[in-house]
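See below for the structure under consideration.
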2 protein chains.
Amino acid sequence: MQKPFQINRAYKEVQQITVAVDCLIFGFNDGNLELLLVSRSFEPERDRWSLIGGFVHNDEDLDDAAHRVLTELTGLDDVYMEQVRAFGKAKRDPYERVISVTYSALVLKKDYNDELVKSYKAEWFPIDNLPELIFDHKEMIDAAMKRLRRRVKSGPVGFNLLPEKFTLPQLQKLYEAILGEEIDKRNFRKKLNSMDFLIKLNEKDKTESKKGAYLYKFDEDKYNYVKNFNI
Amino acid sequence: MQKPFQINRAYKEVQQITVAVDCLIFGFNDGNLELLLVSRSFEPERDRWSLIGGFVHNDEDLDDAAHRVLTELTGLDDVYMEQVRAFGKAKRDPYERVISVTYSALVLKKDYNDELVKSYKAEWFPIDNLPELIFDHKEMIDAAMKRLRRRVKSGPVGFNLLPEKFTLPQLQKLYEAILGEEIDKRNFRKKLNSMDFLIKLNEKDKTESKKGAYLYKFDEDKYNYVKNFNI
DNA sequence: TCAAAAGTGTTGCTGCTACACCCATGC
DNA sequence: GCATGGGTGTAGCAGCAACACTTTTGA
């Protein structure tokens with residue numbers, strides 16, 4: 001019997017696998033959770049919808065590759081993004097062998113350069129009304145959504161999707177959009193209050209109702225040290 | 001400004017990144033959680049300890065590669081294994097550019113072919129007393145442990161680490177080893193009982209105490225459909 | 001007879017869920 | 001004055017943590 005590392009070493013000389021990253025950019029708009037997709041500008045599968053992806057450079061950290069690709073396609077920088085997982089079925093891309101590592105990000109749509117989006121034929125789609133996607137990109141989205149739902153319940157993420165000042169109804173709608181379920185208003189507020197990282201401002205936002213809703217912002221320090229976060 | 005996919009396409013032609021998998025094989029022995037490591041039999045870093053890893057074949061699913069590597073090194077087949085995540089720092093392997101996707105598995109040590117282990121210079125190490133490891137393997141272990149702790153609290157995994165018939169004290173020790181903390185005996189049993197997937201047998205195991213502890217086995221059907229698992 | 005591990009219930013507390021009405025305002 | 005969305009409190013219940021003693025038996 002041979003030693004496995006020898007087997008692998010020998011094999012490795014001829015390995016021909018390309019490494020890619022795909023980014024899942026979630027945005028929140030008008031009560032809906034949206035995902036940014038691009039229309040492929042090259043063959044194969046030209047003009048079909050796809051996640052924002054690109055190949056990794058030889059001297060580039062995987063995480064950096066994801067950020068670079070994101071920046072190239074959106075102008076967004078300094079975004080909180082984390083790896084979901086690698087997708088590596090041999091035939092996931094029927095044209096060539098590519099493994100792809102997915103990253104997910106939450107962005108505030110208004111910070112986003114809309115011109116840039118259009119110039120790349122990128123478009124936002126409501127998460128529950130996505131077009132047909134190439135390869136296993138739908139599976140990637142499902143995995144990222146599942147992860148997002150888990151993360152959002154157990155820690156203070158998702159706030160990236162809101163402007164600096166926001167109202168509680170907005171925040172609640174965000175959670176409802178991500179979790180795909182309705183939340184009781186009173187219970188939601190109670191929990192947030194008990195976690196004590198929101199600062200109530202003396203301003204109201206009247207764009208969404210006649211009465212107006214108080215604006216809040218984060219207490220950055222407390223926000224970063226929330227212990228028992230739980231929605 | 002160029003379109004990113006064109007940039008990437010051009011770049012891709014010269015991409016030289018090797019794709020590997022690394023397996024984290026957890027076993028449970030004598031009250032301790034252990035991890036299987038191998039001593040590298042080739043340069044560079046010959047004779048240093050390492051996770052069980054190998055390179056992915058061109059026509060092989062990533063998951064299959066992990067299973068193959070595991071089988072080659074341990075003789076174990078049909079093991080529940082899942083991806084942790086990809087590690088892709090450019091300099092993680094200082095000798096060449098390799099990205100590695102980690103997988104973690106829980107195995108029952110007695111099913112494990114001990115001769116095979118030795119022939120590959122593999123060895124079990126207690127999780128809290130690991131040797132120095134190459135590259136970023138320590139970081140991989142930390143990530144896998146974190147994941148394992150999360151998984152083990154929220155679903156019925158970890159039972160793979162026990163023989164078909166086992167005692168409640170054994171099961172409790174397993175959880176304590178994984179979570180790294182003591183658990184109250186009565187509360188632990190109460191929870192397990194309420195989840196109702198254990199079958200109490202009419203036999204006792206007397207190897208660990210004079211009084212002897214009742215043996216249990218899983219009710220496979222119920223085990224797979226536990227709703228509110230929670231330790 | 002004693003040492004060592006197995007087994008067993010209760011109580012208080014915390015945190016969750018469920019639920020209904022008044023308020024402020026623009027039209 | 002009414003329609004629209006914003007804001008507030010309570011009570012019952014479930015699940016969790018904390019806690020101590022008895023049982024069995026081999027040596």
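These numbers were taken from a predicted model, which means no experiment stands behind them. Each chain gets a letter, A, B and so on, in the order the sequences are listed, and its residues count up from 1.
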Nucleotide interval of DNA chain C bounded by contacts with chain A (heavy-atom cut-off, under 4.0 Å):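 First-to-last contact on DNA chain C, by the 4.0 Å heavy-atom rule, is C/dC16 to C/dG26.
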All side-chain contact (heavy atoms from CB on, under 4.5 Å) counterparts of [X], not counting sequence neighbours:
X      : result
B/K211 : B/K204, B/S209
B/L201 : B/K165, B/I199, B/E203, B/L215, B/K217
B/D47  : B/S39, B/K121

For A/F197, is the NZ or CZ atom of A/K222 found under 6.0 angstrom from the centre of its six-membered ring and inside 45 degrees of the ring axis?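 The answer is no; the distance or angle limit is not met.
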Going by the rule ring-ring contact (aromatic ring centres under 6.0 Å, His included), which residues pair with A/F125 if we only count those two or more places apart in sequence or in a different chain?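 If we apply the ring-ring contact (aromatic ring centres under 6.0 Å, His included) test to A/F125, skipping adjacent residues, the hits are A/W49.
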Side chains of B/T167 and B/D205: do they bring a donor and an acceptor to under 3.5 Å?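 The answer is no; no qualifying pair exists.
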B/D63-B/Y103 side chain donor-acceptor pair, cut-off 3.5 Å: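 Checked: B/D63/B/Y103 side chains pair up, N/O donor to acceptor below 3.5 Å.
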Salt bridge (Lys or Arg N to Asp or Glu O under 4.0 Å): which pairs involve residues 169-178 of chain A, sequence neighbours left out?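 Of all non-adjacent pairs touching residues 169-178 of chain A, those that pass salt bridge (Lys or Arg N to Asp or Glu O under 4.0 Å) are A/K173-A/E208.
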Axis deviation across the helix from C/dT1-D/dA27 to C/dC27-D/dG1, five-pair ends, to the nearest 10°: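 Its terminal axes enclose an angle near 10°.
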Classify the ring geometry of A/Y223 against A/F218: parallel below 30°, tilted from 30° to 60°, perpendicular beyond 60°.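 Rings of A/Y223 and A/F218: tilted, as their planes differ by 30° to 60°.
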To the nearest angstrom, how far is A/L201 atom CG from D/dG6 atom C1'?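 My rounded result for the distance is 16 Å.
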Could you go through residues 177-189 of chain A and list every donor-acceptor pair under 3.5 Å that involves a side-chain atom there, pairing it with any protein atom two or more places apart or in another chain?
from   : atom 1 : to     : atom 2 : distance (Å)
A/D184 : OD1    : A/R186 : N      : 3.0
A/D184 : OD1    : A/N187 : N      : 3.0
A/N187 : OD1    : A/K190 : NZ     : 3.0

Please tabulate, for side-chain N and O atoms in residues 130-140 of chain A, each donor-acceptor pair with protein atoms closer than 3.5 Å (sequence neighbours left out).
from   : atom 1 : to     : atom 2 : distance (Å)
A/D136 : OD1    : A/R92  : NE     : 3.3
A/D136 : OD1    : A/R92  : NH2    : 3.1
A/D136 : OD2    : A/R92  : NE     : 2.7
A/H137 : ND1    : A/L51  : N      : 3.0
A/K138 : NZ     : A/D142 : OD1    : 3.0

Which nucleotides of nucleotides 17-27 of chain D have their base under 4.0 Å from a protein heavy atom (B), which only their sugar-phosphate (S), and which neither (-), written as one string 5' to 3'? BBBB--BBBB-
Near DNA chain C, which residues from residues 165-183 of chain A have a heavy atom under 4.0 Å away?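 Heavy-atom contacts with DNA chain C come from no residue of residues 165-183 of chain A; none.
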Which side-chain N or O atoms in residues 25-34 of chain A pair as donor and acceptor under 3.5 Å with protein atoms at least two apart or in another chain?
from  : atom 1 : to     : atom 2 : distance (Å)
A/E34 : OE1    : A/K109 : NZ     : 2.8

